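This report concerns only the one structure given below.
Note that the structure is predicted; figures quoted are calculated from it, not measured. The first residue in the sequence is number 1, and the count goes up from there.
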Amino acid sequence: MQNQEIVKIIENLKGRRNYEEKKASKLGFASLYDYFEDKISKKQKVLEDKQKELEATKTEVQTKATKKSCGCC
């Protein structure tokens, strides 16, 4: 089963199709579909990593805010 998003991207390449095919073959992909599938999965992974990093930073800031700087209280 093919991802419709990838099929749509390939259909809309028009003049860039030859360029993308050469790039895909140079990088060792069997087809243009495989190339775009990998490209999209990498983008999703980067977004997930950024989201995790943002959540970690947010929790770190919250824990620092709850700690008191002096021991008198």
Side-chain angles (χ1 to χ4, degrees):
M1 187 165 148
Q2 292 185 339
N3 186 345
Q4 293 300 318
E5 181 182 359
I6 296 172
V7 172
K8 198 173 210 179
I9 291 170
I10 292 172
E11 288 175 356
N12 291 330
L13 284 176
K14 298 182 183 176
R16 292 187 50 92
R17 186 177 178 114
N18 287 334
Y19 169 77
E20 295 293 346
E21 285 177 346
K22 286 178 185 178
K23 190 172 181 182
S25 65
K26 185 177 182 179
L27 293 173
F29 292 97
S31 68
L32 199 54
Y33 183 87
D34 292 337
Y35 170 69
F36 279 106
E37 189 174 43
D38 183 63
K39 198 172 183 180
I40 288 174
S41 68
K42 284 182 180 178
K43 282 183 182 179
Q44 288 175 344
K45 183 166 178 15
V46 167
L47 289 174
E48 289 172 1
D49 291 345
K50 284 184 179 180
Q51 184 68 27
K52 286 179 184 177
E53 185 178 319
L54 180 64
E55 290 174 5
T57 305
K58 187 184 275 187
T59 57
E60 184 179 307
V61 168
Q62 288 175 348
T63 57
K64 285 184 179 180
T66 58
K67 291 183 180 179
K68 296 183 179 180
S69 61
C70 65
C72 62
C73 298

Q. Say you draw a straight line from OG of Ser31 to CD1 of Ile10; how long is it, rounded to the nearest 0.5 Å?
A. 7.0 Å
Q. With a 4.5 Å heavy-atom cut-off, do Ile6 and Leu32 have their side chains touching?
A. no
Could you tabulate the donor-acceptor pairs under 3.5 Å formed by side-chain atoms of residues 45-54, not counting sequence neighbours?
unit_1	atom_1	unit_2	atom_2	d
Gln51	NE2	Glu55	OE2	3.4

Q: Please test Asn3 against Glu37 for side chain to side chain contact (heavy atoms under 4.5 Å, CB included), starting from the C-alpha separation and ending with a verdict.
A: CA-CA 8 Å; Asn3 186 345; Glu37 189 174 43; 5.8 Å; no
Q: Rounded to the nearest 0.5 Å, what's the gap from CG on Asn18 to CG on Leu13? Could you check?
A: 10.0 Å
Q) Who are the salt bridge (Lys or Arg N to Asp or Glu O under 4.0 Å) partners of Asp38, not counting sequence neighbours? A) Lys42
(Q) Please enumerate all residues that pass side-chain contact (heavy atoms from CB on, under 4.5 Å) together with Lys39, with sequence neighbours excluded. (A) Glu20, Tyr35, Phe36
Taking distance alone, no hydrogens or angles, what donor-acceptor pairs closer than 3.5 Å link side-chain atoms of residues 21-28 to residues at least two apart or in another chain?
unit_1	atom_1	unit_2	atom_2	d
Glu21	OE2	Arg17	NE	3.1
Ser25	OG	Glu21	O	3.3
Ser25	OG	Lys22	O	2.9

